[in-house]
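Here is the structure we will look at, set down as structure tokens.
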Amino acid sequence: QWQLVESGGGLVQSGGSLQLSCAASIFPWEYYALGWIRQTPGSEPKEVACISGSGGNTTYADSVKGRFTISRDDAKTMSYLQMKSLAPEDTGVYYCVADYSDRACSTNQFSFWGQGTQVTVSS
């Protein structure tokens with residue numbers, strides 16, 4: 001049974017930092033493209049970061065470039081999203097996502113989703 005479990009969300013003041021973690025039980029993990037998608041009420045889900053199965057390619061939404069960093073630890077089957085200089089517009093539910101195809105990073109079509117973790121940035 002596959003599983004993606006996020007942790008690390010919470011309430012932070014504007015300008016602060018948070019690191020989200022995603023623990024996975026999907027195999028072979030090292031071949032999966034991994035991403036983080038943010039959902040806010042009334043808006044379409046937005047991919048904020050993605051990393052290819054090889055880990056060689058990363059992509060970011062323009063709004064988070066230079067502030068967010070996605071990484072993966074294949075030995076631990078973990079994914080991380082380091083978020084710095086957080087702003088109120090970063091508020092939302094963040095979902096850890098995965099797909100066997102690296103194309104998911106550009107199509108935003110991921111096969112596997114976690115349950116989400118809330119990030120709230122106060123002004």
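Worth knowing before you read on, the calculation uses all heavy atoms, side chains too, and leaves out hydrogens, waters and symmetry mates.
- Using a 4.5 Å heavy-atom threshold, the side chains of Val64 and Met83 count as separate.
- Across every non-hydrogen atom of Cys22 and Leu4, the tightest pair is SG-CD2, 3.9 Å.
- Using a distance-only test at 3.5 Å, with no hydrogens or angles considered, no donor-acceptor pair links the side chain of Ser17 to the main chain of Lys84.
- Of all non-hydrogen atoms in Lys65 and Tyr60, the two that sit nearest each other are CE-O, 3.4 Å.
- A side-chain N or O of Thr120 and one of Gln118 form a donor-acceptor pair less than 3.5 Å apart.
- Between Tyr100 and Tyr31, the angle of the ring planes lies from 30° to 60°, which puts this pair in the tilted group.
- Here the OG atom belonging to Ser111 is positioned 11.0 Å from the CH2 atom belonging to Trp113, to the nearest 0.5 angstrom.
- Leu20 and Tyr95 are members of different hydrophobic clusters when ILVMFWY side chains are connected at heavy-atom separations under 4.5 Å.
- The closest donor-acceptor contact from the side chain of Arg72 to the backbone of Ser52 lies under 3.5 Å.
- Side-chain heavy atoms closer than 4.5 Å link hydrophobic residues (I, L, V, M, F, W, Y) into clusters, and following such links, possibly through other members, connects Leu18 to Ile70.
- Side-chain atoms of Thr58 never come within 3.5 Å of backbone atoms of Ile51 as a donor-acceptor pair (strictly under, hydrogens ignored).
- Of all non-hydrogen atoms in Ser123 and Pro88, the two that sit nearest each other are CB-CG, 3.8 Å.
- Within the model, atoms OG1 of Thr77 and CD1 of Ile26 stand 9.5 Å from one another, a figure rounded to the nearest 0.5 Å.
- Both Phe110 and Val93 sit in one connected hydrophobic cluster of ILVMFWY residues. Membership requires side-chain heavy atoms under 4.5 Å apart, directly or through other members.
- Atom-to-atom distance recorded for Leu11:CG and Thr91:OG1 is 8.5 Å, nearest 0.5 angstrom.
- Scanning all heavy atoms of the two residues, the minimum distance from Ala49 to Leu81 falls at CB-CD1, 3.9 Å.
- If you look at Tyr94 and Trp36, their ring centroids are not closer than 6.0 Å.
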Item to check | Worked check of side chain to side chain contact (heavy atoms under 4.5 Å, CB included) between Glu47 and Thr59 | outcome: CA-CA 9 Å; Glu47 180 186 305; Thr59 57; 3.8 Å; yes

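- Within the model, atoms CZ of Phe68 and CG of Leu86 stand 5.0 Å from one another, a figure rounded to the nearest 0.5 Å.
- Nearest heavy atom pair, residue Asp102 against residue Ala33, reads OD1-CB, 3.5 Å.
- Considering CG of Leu34 and CG of Asp99, their distance stands at 10.0 Å, rounded to 0.5 Å.
- In this structure, Tyr80 is not a member of the same hydrophobic cluster as Phe112, with clusters built from ILVMFWY side-chain heavy atoms closer than 4.5 Å.
- Interatomic distance, Glu89 CD to Arg38 CZ, rounded to the nearest 0.5 Å: 8.0 Å.
- Two different hydrophobic clusters hold Val97 and Met78 under the rule that ILVMFWY side chains link at heavy-atom gaps under 4.5 Å.
- The two residues Gln115 and Val5 have their closest heavy-atom pair at OE1-CA, 3.7 Å.
- Judged by distance alone, the side chain of Glu6 and the main-chain N or O of Cys96 form a donor-acceptor pair under 3.5 Å.
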